[in-house]
Amino acid sequence: MWTHKFMTYTEIKEKGEKKYYYKVKSIRHGKKVGKQRVYLGVNLSKQELQQKEQDADKILSGISESKESEASKIAKQAEKQQKSKQPQKQNNNKTKKTTFQIDKGKNFSEWYTDIIKKAELADLRNNVKGFIVFQPWSVMAMEKMYGYMEKTLQRKGHKPYWFPTLIPESNLTKESSHIKGFTPDVFWVTHGGETKLEERYALRPTSETLFYQMFSKWIRSYKDLPLKAYQRANVFRYETKATRPFLRSREFHWIEAHCAHETQEDAMKQVHEDMETTQEVLHDIFGLPFIFFERPAWDKFPGAHRTFAADVLNPDGKIVQQPSTHLISQEFSKAFDVKFTDKDEKEKLAWITCYGPAISRIFASIIAVHGDNKGLKFPWKIAPVQVMIIPIGEDDEVKKQAENIKQHLLENNISVEIDNSEKRLGEKFYFWEMKGIPLRIEFGNKELKENKLTIFRRDTDEKEKINAKDLISYINTTSQDIDKNLIKQADNLFKNKIINAKTKQEIKEIIDAGKIARCGFCSVDKDGTKCAETIEKEINGEVRGTKLGEKNTETKCIVCNKKAKHTVYISKAY
Ligand SMILES: [Zn+2]
């Protein structure tokens, strides 16, 4: 029987870094037979070090006689733990730290907060409330998301612009319902250096009042229409509701598209095009299912004639509003003098639409909808890194081959990295699974000799061996499978989630169970406001609106019992 005596850690300073090792004495039949070092990590805090030691203790205690080095035993042990997919014990701090294991279904809120920290998506310790630091792992994904959204808009004839961040107060006040809607949210710039400005400037909460002022200068005749513009920008809103990273913060990153058209009919075509764009990008690429609702009168965008918004169902049963598209009221064209001379020589007001996919908010839904108890899962096309290569062992040939594979993948436009860190093998596996990388390639000497590669798929949690020469064709097929699979799983979220209700009590039961209630409602125009307030006050539900193109089949309003003009959908919402 071997036993191991554990000694305290050693600290070795190398190139300004402190590396920590754990000294292990191996004893057999009472005699010391060896002394080994186990690598613990670099630049560890005292607390992290303690956790690492406890963990090494635990793993080494369970190891029986073997000729293998202690380090590789630890790696194998960790791999075994990962394979068995046992939930990690809560009291094992170290394991809790390197693995991620939170029941997303039961503790969604904790899961969401924790994964943002562990996967290094955002750092919330910035010292301005509601303003967070977006870290590379989220920015790399959001850059790709911007790319797909912008390419789609440009393909449909939108041209990119960069408008200024500051909006003069006089622009904002030109259209009364717009300013009324946005005043509470505005951050004001009042000084230039020490000098008080003659007019306050708003940090853009949205840019209608800048775009339309310029539209009036650019548009002269019907020949200038449609004018389809957009910009990617960060916008600022003084949110008073509780902020949550990506979902609601005081600065967020979005695209705003603004268009001017000759007729209301053309403008409505644009609204439909925006809804199709949402389907093509959010659903078909990002894998997010949603339902478009036309918002009730009391919930329209300030200044809009009609508002349509895509609602995504969060795993906790609450709705998150994603892109909305608006037919802007002609009060706006009037206020900003957006006119054109039509074919009949008459001067007419243009019809304006705007569309606002908020990339950082959409990212919140990608985290929430696709992730599982082990962490993030990225759709292939927007994964910050698509493939992680993990060479096994210290063999130079293996390392060289890893580099070759990386170059080969890069040449095929696949984003890839190699993990050559000194972390334990199991730790590497956990870490990149938690980070949501779709594919992992692992291979050591044995595979190298056989010309094989082991591939792990994050979406199915399965491993398979392939011939090294088939790698690219394997990835081309599998990447499509991964996206199809994630879309299918996400689509199931909405399955059987819409339930008809006949009483307020039934609505309450439905929305408390994380579903969406469908019922009759007196009106989604201004006169229905009171009944909507009752729903909010009594059962904490929100009227999301009517489904486009759906005919009302209900007879009575679920609140006031008057004749139902509309069939509405009610849910809990963020
Ligand atoms: Zn009513």
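Note that ligands are numbered from 1 as they come in the structure, with each ligand's atoms numbered from 1 the same way. Just so you know, residue 1 is the first one in the sequence shown, and it goes up from there.
The CD atom of E208 lies 8.5 Å from the CD1 atom of I167; values are rounded to the nearest 0.5 Å.
In summary, E120 and K435 engage in a salt bridge, as defined by a charged side-chain N under 4.0 Å from a carboxylate O.
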Let me have the donor-acceptor pairs involving side chains of residues 530-543, under 3.5 Å, with sequence neighbours excluded, atom names and distances please.
| residue | atom | partner | partner atom | Å |
| --- | --- | --- | --- | --- |
| T534 | OG1 | K530 | O | 3.0 |
| E538 | OE1 | K504 | NZ | 2.8 |
| E542 | OE1 | R544 | NH1 | 2.7 |

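In plain terms, the two heavy atoms of W188 and V186 that are nearest each other are CE2-CG1, 3.4 Å.
Around atom NZ of K156, more than 12 heavy atoms belonging to other residues, nucleotides or ligands sit under 6.0 Å away.
Judged by the 6.0 Å distance and 45° axis criteria, R237 is positioned over the aromatic ring of W254.
Looking only at protein N/O/S atoms, the ones less than 2.8 Å from the Zn ion (ligand 1) make 4 in total.
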